[in-house]
Amino acid sequence: MPKNLKVYKFGGASVKDAESIRNVGNILQKEKGNPLVIIVSAMGKNTNALEGVLKEHFNQTGKANEVLEKIKQFHYQICNELFGEKHPVYHDLNDTFVEIEWILEDEPEAYDYMYDQIVSVGELLSSKILTAYLNSQDLPTQWLDARGIIRTDELYRDAWVQWEETEANAKKQVAPIVESGKFVLTQGFIGSTADNNTTTLGREGSDYTAAIFSFCLNAESMSIWKDVEGVMTADPRLFDQVTKIDKLSYREAIEMTYYGAKVIHPKTIKPIQNKNIPLYVKSYENPSAEGTMITSDVNSSYPPMIAVEKNQVMLNISTKDFSFVAEHHIKNIFEEIAEKRLQVNMMQNTAISFDICVNDIDDRVENFVEAMKEDFEVTIEKGLELITIRHFQKPLVESLKHGKIVMMEHRIRETVQLVMKEVPMMVRK
Ligand code: ADP
Ligand code: ASP
Ligand code: MG
């Protein structure tokens, strides 16, 4: 594999319409002839739209084809703007849509399995369109099916990568293409099982795909192209006066993303840290700007940084017989947490009770409570927000609490975490 191989990942926002695709083409002109693997997400919000198709099909409402039709028109419209009315890419897209139509003709199967078969199509479509566009712009590009490379287990919707096989596949398939001077273009988010069933790696998983390829191919660097200048001190959609962080350590990045800094998928950091590959977060709107560089460099003076994770649930688990929440209870609780795949973001205990704050995903919390209720009293509070502040300053923490009820608060070294809820509004009669 060439030593100077780079991996670029373009997210949904960077390919949301024809103009955006032209912009990606311009960014890539600067890399012409260089060894480059490109990972692309579904265009715009098409993953959500495909989830809509699945829901209609699963509930047998008879509307699945109608929702699918809108997705088709979206993609055909973009192709029309890029290629006009005639181009081989239309056939390719048609074949992909026919595969969903076949699924829709049958009775629904297991939800998670079907999710991956239907929702994965967003990335297949975007990668086909982008490959066709780059080739039309004198940027020779070879489309690769990520499902022939990323081997996973059968945990549909949240599949785990089988690294050895994936690494061997990636090396074998990517090397001859980059050596021939072409770009490699493939899909984020998707993989497949040993039986060739399509799997997905979890929502927003395309950053992770780029990290998998970077790891397997020993990339020189990885860049993710976003609608922001780089990693900012907080989400610019939620906070004013945020500033860009020029350099960040892997450790800092993994802590922030785990607790909700959605600019990078949290699973992205480990593979690139393990091989010490620098990660650049760059703006596709301003590609020559520096962005953020994430490496092992330790910078001891960071500004305060805020991550917000919504959809939190607080569970209070207490023993029914007033026995202490000691080792054996804690062991049982954690076994059930692992079994139901809850992500615990905060915890604390008293003599006879244990509080945890977890992400509210599907019906995992309900399943957990059901399993616990024989031995424990469990109360649930939903609709909470977890705010993590690293390198905190006291006035900032106080201002974040303003107008909220603090349910849990933690301070560890430079980090403060708050689980909060809105103060209920009292309306004057
Ligand atoms: P992609 O197009 O690759 O899917 P995302 O939408 O997942 O990109 O990530 C970019 C978004 O992340 C930004 O639009 C921003 O609202 C959000 N975000 C959250 N936290 C931060 C942060 N600390 N810095 C920059 N962006 C952030
Ligand atoms: N398209 C997928 C999603 O929206 C993966 C990604 O964009 O990272 O979740
Ligand atoms: Mg995304």
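Whatever order the structure lists ligands and atoms in, that order sets their numbers, starting from 1. Owing to the predicted nature of the structure, the values given are computational and were not obtained by experimental measurement. In this chain, residues are counted from 1 in sequence order.
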Legend entry - side-chain hydrogen bond (donor to acceptor under 3.5 Å, both in side chains) partner of T200, chosen from D112, D116, T47: D116
Inset, instruction - May I ask which of D235, V228, V308, T233 has a heavy atom nearer to atom 18 (N) of ligand 1 than the others do? - result: D235
Inset, instruction - Kindly confirm or rule out an N or O of K9 lying under 3.5 angstrom from an N or O of ligand 2. - result: no
Legend entry - Nearest neighbour in protein (non-hydrogen) for atom 26 (N) of ligand 1: V263 CB, 3.5 Å
Inset, instruction - Under 4.0 Å, heavy atoms only, figure out whether ligand 1 is touched by the backbone of A234, its side chain, both or neither. - result: backbone
Legend entry - salt_bridge(E370, K340) N-O dist < 4.0 Å: no
Legend entry - Option set R203, R237, E204, criterion heavy-atom distance to atom 14 (O) of ligand 1, minimum: R237
Inset, instruction - State, yes or no, whether a side-chain contact exists between P35 and N4 at a heavy-atom distance under 4.5 Å. - result: yes
Legend entry - Name of the E204 atom (N/O/S only) found closest to the Mg ion (ligand 3): OE1
Inset, instruction - Under 4.0 Å from a heavy atom of G11: give me the atoms of ligand 1 that qualify, with their elements. - result: 1 (P), 2 (O), 3 (O)
Inset, instruction - Indicate yes or no: does E290 engage K244 in a salt bridge with an N to O separation below 4.0 Å. - result: no
Legend entry - Lys/Arg N to Asp/Glu carboxylate O, R157 vs D362, below 4.0 Å: yes
Legend entry - Heavy-atom check, side chain of I333 versus side chain of M372, under 4.5 Å: yes
Inset, instruction - Give the residue, atom name and distance (to 0.1 Å) of the protein heavy atom nearest atom 13 (C) of ligand 1. - result: D227 OD1, 3.3 Å
Inset, instruction - For a side-chain hydrogen bond (donor to acceptor under 3.5 Å, both in side chains) with R151, tell me which candidate from E167, Q162, E165 qualifies. - result: E165
Legend entry - D207 N/O under 3.5 Å from ligand 1 N/O: no
Legend entry - Closest approach of F392 to R413 (non-hydrogen atoms, all atoms of both residues): CE2-O, 3.6 Å
Legend entry - Protein contact for atom 2 (O) of ligand 1 (heavy atom, distance under 4.0 Å): yes
Legend entry - Residue E81 excluded, over 12 heavy atoms near CD under 6.0 Å: yes
Legend entry - Best match, E51, M43, R203, E123: closest heavy atom to atom 3 (C) of ligand 2: R203
Inset, instruction - Within a distance under 4.0 Å of any heavy atom of A13, pick out the atoms of ligand 1 and give their elements. - result: 2 (O)
Legend entry - the Mg ion (ligand 3) to nearest N/O/S of D207 below 2.8 Å: no
Legend entry - Per-residue contact class, K226 against ligand 1 - non-hydrogen pairs under 4.0 Å: side chain
Legend entry - Options V119, T47, D207, N48, ranked by nearest heavy atom to atom 2 (C) of ligand 2, top entry: T47
Legend entry - Check: K226 main-chain N/O paired with E285 side-chain donor or acceptor under 3.5 Å: no
Legend entry - Per-atom contacts of ligand 2 with S206, taking only distances under 4.0 Å to non-hydrogen atoms: 5 (C), 6 (C), 7 (O), 8 (O)
Legend entry - Heavy-atom neighbours of K63 NZ exceed 12 at 6.0 Å: no
Legend entry - Test item, G205 contacting ligand 2 (heavy atom, 4.0 angstrom): yes
Legend entry - H265 touching ligand 1 at heavy-atom level, < 4.0 angstrom: no
Legend entry - Residue pair R341 / L155, side-chain heavy-atom distance below 4.5 Å: yes
Inset, instruction - Pick whichever of G230, S41, G205, A261 has a heavy atom sitting closest to atom 25 (C) of ligand 1. - result: G230
Inset, instruction - Please indicate whether any nitrogen or oxygen in E204 is less than 3.5 Å from any nitrogen or oxygen in ligand 2. - result: yes
Inset, instruction - Considering the heavy atoms of G12, write down every atom of ligand 1 situated less than 4.0 Å from one of them. - result: 2 (O)
Legend entry - Donor + acceptor pair across side chains of Q343, N345 (<3.5 Å): yes
Inset, instruction - Using a strict 4.0 Å cut-off to heavy atoms of S41, name the atoms of ligand 2 that fall inside it. - result: 6 (C), 7 (O), 8 (O)
Inset, instruction - In sequence, state the C-alpha distance, the side-chain angles, and the governing distance for L124 and I190, and then conclude on side-chain contact (heavy atoms from CB on, under 4.5 Å). - result: CA-CA 9 Å; L124 293 173; I190 68 174; 4.0 Å; yes
Inset, instruction - Would you mind finding which of K262, E229, M232, M256 brings a heavy atom closest to atom 23 (N) of ligand 1? - result: M232
